[in-house]
Amino acid sequence: MAALYDFDTAIDRRGTWCIQWDGVADRFGVDGLLPFTISDMDFATAPEVLAALRARLDHGVFGYTTWQQDDFRSAVAHWYATRYGTEIDTGQLVYGPSVLSQLSQLLQMWTAEGDGVVVHTPTYDGFRKAITGLGRELRGVPVGDEEALVRELARPDSKVLVLCSPHNPTGRVWTGAELTRMAELAERYGVAVVSDEIHADFVHEGNVHVPWTQVAGEGRWALISSGSKAFNFPALTGSYGLIGDPADRAEFLRRMETAEGLASPAVLSLTAHIAAYREGGPWLDAVRAYVAGNLGHVAERLSTGLPELGWEPPQAGYLAWIDLRAAGVDDAELQRVLVERERVAIMGGAVYGAPGFVRLNVGCPRAKVERGVEALIRAVRAAKSSPSGV
């Protein structure tokens, strides 16, 4: 299947207003670095999506548009039925410009300033910005620590659990039993759940994603997602959600359509979603297999280059979350070597509240991955031997 698509040929993204390539200096202070940073891929989206976009462009008219039509709703339902064996209620669908925009609206609906919002740590920095930017208190719970989860959910002013499923940055795929337990706890303590499932379509072989709709109880909940992560079209904007309670759903739509003035979505986003969910499955299977090969290469090189790490590929996604603590290197020194000597940009774990880690984006041609992992190995060795190493 993978032979039908070319993921090895590099596409030059420089000069395209691309955050990963053109905006590298904004985060690392230096232009011209080879980036392995923000969570998008260097691959062109699925040919089926491109064909649909071209056809829509050829129509030539881009007036106000509605997402509340059967083509879009049925495409989402088709995707969940064929990918996850899940029948969704399309009457629960809502739409927003991004998953973070949806999260912001839900937090404003379900919390007040000063309320606690529970998240798993390490934490995607977009969550941190959304929660603290609204004046809510972020309450971190280490991934897999149920005792801490219970403790934080039980606090009277903890109002929302923001779940990343699968988890970013670790790539953890929650089991059905784990999700069921979270749903039980949230309902017991009267905590609403927002499940961000934008990484769900990139779950690797041997793991199974369970949509929140399969475990949601009687409490407040929302599932928010988008095809933009898996099919690599975030610049088109667009996301959708499922909200269980009819009154909450009506309030969300009211806020989007009146308070936010977002009644008309981007038509190219709708076009891309419909094509991806109706026709893009084979491409997604192929790119996921290619990325799994990239992650396997990283694991192989780290097993020989830095065997003390004992690193294994994540269960989902194209982000290699690498624990460097066993190597005993200073974060600042490592970043200095990566930038100044190796000329690569790799996200430090401190961005996600986890010093001692790095996040390496391998959603790119294999040749780029090879350069990145070799640079990382050399930089760790150099940082260990430097006077400022620990």
Residues that [X] engages under side-chain hydrogen bond (donor to acceptor under 3.5 Å, both in side chains), provided they are two or more places apart:
{"X": "R151", "value": "none"}
{"X": "W79", "value": "D201"}
{"X": "R220", "value": "D248"}
{"X": "D323", "value": "R325"}

Does R371 have more than 12 heavy atoms from other residues, nucleotides or ligands lying within 6.0 Å of its CZ?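 No, because the 6.0 Å sphere around CZ of R371 holds 12 heavy atoms or fewer from other groups.
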Assess whether atom CD1 of I19 is packed by more than 12 heavy atoms of other residues, nucleotides or ligands within 6.0 Å.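 No, CD1 of I19 has 12 or fewer neighbouring heavy atoms, counting only those of other groups under 6.0 Å.
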Rounded to the nearest 0.5 Å, what separates atom [atom1] in [X] from atom [atom2] in [Y]?
{"X": "S228", "Y": "H273", "atom1": "OG", "atom2": "NE2", "value": "6.0 Å"}
{"X": "Q335", "Y": "D330", "atom1": "CD", "atom2": "CG", "value": "10.5 Å"}
{"X": "L149", "Y": "D145", "atom1": "CG", "atom2": "CG", "value": "8.0 Å"}
{"X": "Q214", "Y": "T86", "atom1": "CD", "atom2": "OG1", "value": "3.5 Å"}
{"X": "R73", "Y": "Q68", "atom1": "CZ", "atom2": "CD", "value": "5.0 Å"}
{"X": "S239", "Y": "I198", "atom1": "OG", "atom2": "CD1", "value": "7.5 Å"}

Okay, side chain of [X], backbone of [Y]: is any donor-acceptor separation there less than 3.5 Å?
{"X": "D115", "Y": "T111", "result": "no"}
{"X": "E87", "Y": "A81", "result": "no"}
{"X": "T82", "Y": "H78", "result": "yes"}
{"X": "N294", "Y": "C364", "result": "yes"}
{"X": "Q102", "Y": "Y240", "result": "yes"}
{"X": "D196", "Y": "L163", "result": "no"}
{"X": "W283", "Y": "L4", "result": "no"}
{"X": "Q315", "Y": "V173", "result": "yes"}
{"X": "Y318", "Y": "S39", "result": "yes"}
{"X": "T180", "Y": "V215", "result": "no"}

Steps toward ring-ring contact (aromatic ring centres under 6.0 Å, His included) verdict (F43, Y290): CA-CA 11 Å; F43 307 127; Y290 186 89; 5.7 Å; yes
Output field: ring centroids Y352/F357 closer than 6.0 Å: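 No: the rings miss the under 6.0 Å criterion.
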Stepwise side-chain contact (heavy atoms from CB on, under 4.5 Å) check, V162 with L106: CA-CA 10 Å; V162 176; L106 291 163; over 6 Å; no
[Y] and [X] side chains, donor-acceptor separation under 3.5 Å:
{"X": "E197", "Y": "H209", "result": "yes"}
{"X": "Q105", "Y": "E251", "result": "no"}
{"X": "Y84", "Y": "T213", "result": "no"}

Are S165 and H199 packed together at the side-chain level, in the sense that at least one heavy-atom pair is separated by less than 4.5 angstrom?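 Side-chain contact under 4.5 Å: no.
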Given L236, which of L268, T271, V267 fulfils the side chain to side chain contact (heavy atoms under 4.5 Å, CB included) condition?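 So, applying the side chain to side chain contact (heavy atoms under 4.5 Å, CB included) to L236 and each of L268, T271, V267, only L268 qualifies.
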Using the ring of F7 (Phe, Tyr or Trp, six-membered ring only), decide whether R366 places NZ or CZ under 6.0 Å from its centre and within 45 degrees of its axis.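 So R366 doesn't make the cation-pi contact.
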Taking the six-membered ring of F36 as reference, does the NZ or CZ atom of K368 fall below 6.0 Å from its centre and within a 45° cone about the axis?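 The answer is yes; both the distance and angle limits are met.
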Under the salt bridge (Lys or Arg N to Asp or Glu O under 4.0 Å) test, residues paired with R288 that sit two or more places apart: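 For R288 the salt bridge (Lys or Arg N to Asp or Glu O under 4.0 Å) partners, ignoring immediate neighbours, are D285.
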Could you pull out all residues at least two apart from E113 that satisfy salt bridge (Lys or Arg N to Asp or Glu O under 4.0 Å)?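 Partners of E113 under the salt bridge (Lys or Arg N to Asp or Glu O under 4.0 Å) test: none.
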Under the side-chain contact (heavy atoms from CB on, under 4.5 Å) rule, what do L262 and Y95 come out as? Steps first, then yes or no, please. CA-CA 9 Å; L262 295 170; Y95 193 88; over 6 Å; no
Identify the two heavy atoms, one from R249 and one from I243, that lie closest to each other, and give their separation to 0.1 Å.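 For R249 and I243, the tightest heavy-atom pair comes out as NH1-O, 2.6 Å.
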Test: salt bridge (charged side-chain N to carboxylate O under 4.0 Å, His left out). Region: residues 298-310. Which pairs qualify, not counting sequence neighbours?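 Checked against salt bridge (charged side-chain N to carboxylate O under 4.0 Å, His left out) - neighbours excluded - the pairs reaching residues 298-310 are R301-E374, E308-K384.
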State plainly whether the residues [X] and [Y] are in salt-bridge range, i.e. N to O under 4.0 Å.
{"X": "D42", "Y": "R13", "value": "yes"}
{"X": "R181", "Y": "E178", "value": "no"}
{"X": "R378", "Y": "E342", "value": "yes"}
{"X": "D157", "Y": "R139", "value": "yes"}

With sequence neighbours excluded, what pairs up with F252 under the ring-ring contact (aromatic ring centres under 6.0 Å, His included) test?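 In terms of ring-ring contact (aromatic ring centres under 6.0 Å, His included), with neighbours along the sequence ignored, F252 is linked to no residue.
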Please determine whether side-chain contact (heavy atoms from CB on, under 4.5 Å) holds for the pair F231 and Y277, giving the CA-CA distance in whole Å, both sets of side-chain angles, and the decisive distance to 0.1 Å. CA-CA 10 Å; F231 289 92; Y277 283 177; 4.3 Å; yes
Listed once per pair and sorted, the side chain to side chain donor-acceptor pair (under 3.5 Å) pairs that draw on residues 26-37, sequence neighbours left out: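 Every pair satisfying side chain to side chain donor-acceptor pair (under 3.5 Å) with a residue in residues 26-37: there are none.
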Partners meeting side chain to side chain contact (heavy atoms under 4.5 Å, CB included) with A320 (sequence neighbours left out):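 Residues passing side chain to side chain contact (heavy atoms under 4.5 Å, CB included) with A320: L295, W311, I322, L360.
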The criterion is side chain to side chain contact (heavy atoms under 4.5 Å, CB included); which residues satisfy it with T237, sequence neighbours excluded?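 Listed in chain order: A266.
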So R155 and E152, salt bridge (Lys or Arg N to Asp or Glu O under 4.0 Å) or not? Walk me through it. CA-CA 6 Å; R155 294 173 65 174; E152 294 301 331; 3.1 Å; yes
Just do the side-chain contact (heavy atoms from CB on, under 4.5 Å) check on V24 and V30 with the steps written out, would you? CA-CA 7 Å; V24 70; V30 180; over 6 Å; no
N/O donor-acceptor pairs under 3.5 Å from side chains in residues 123-134, not counting sequence neighbours:
from, atom 1, to, atom 2, distance (Å)
T123, OG1, H120, O, 2.8
T132, OG1, R128, O, 2.7

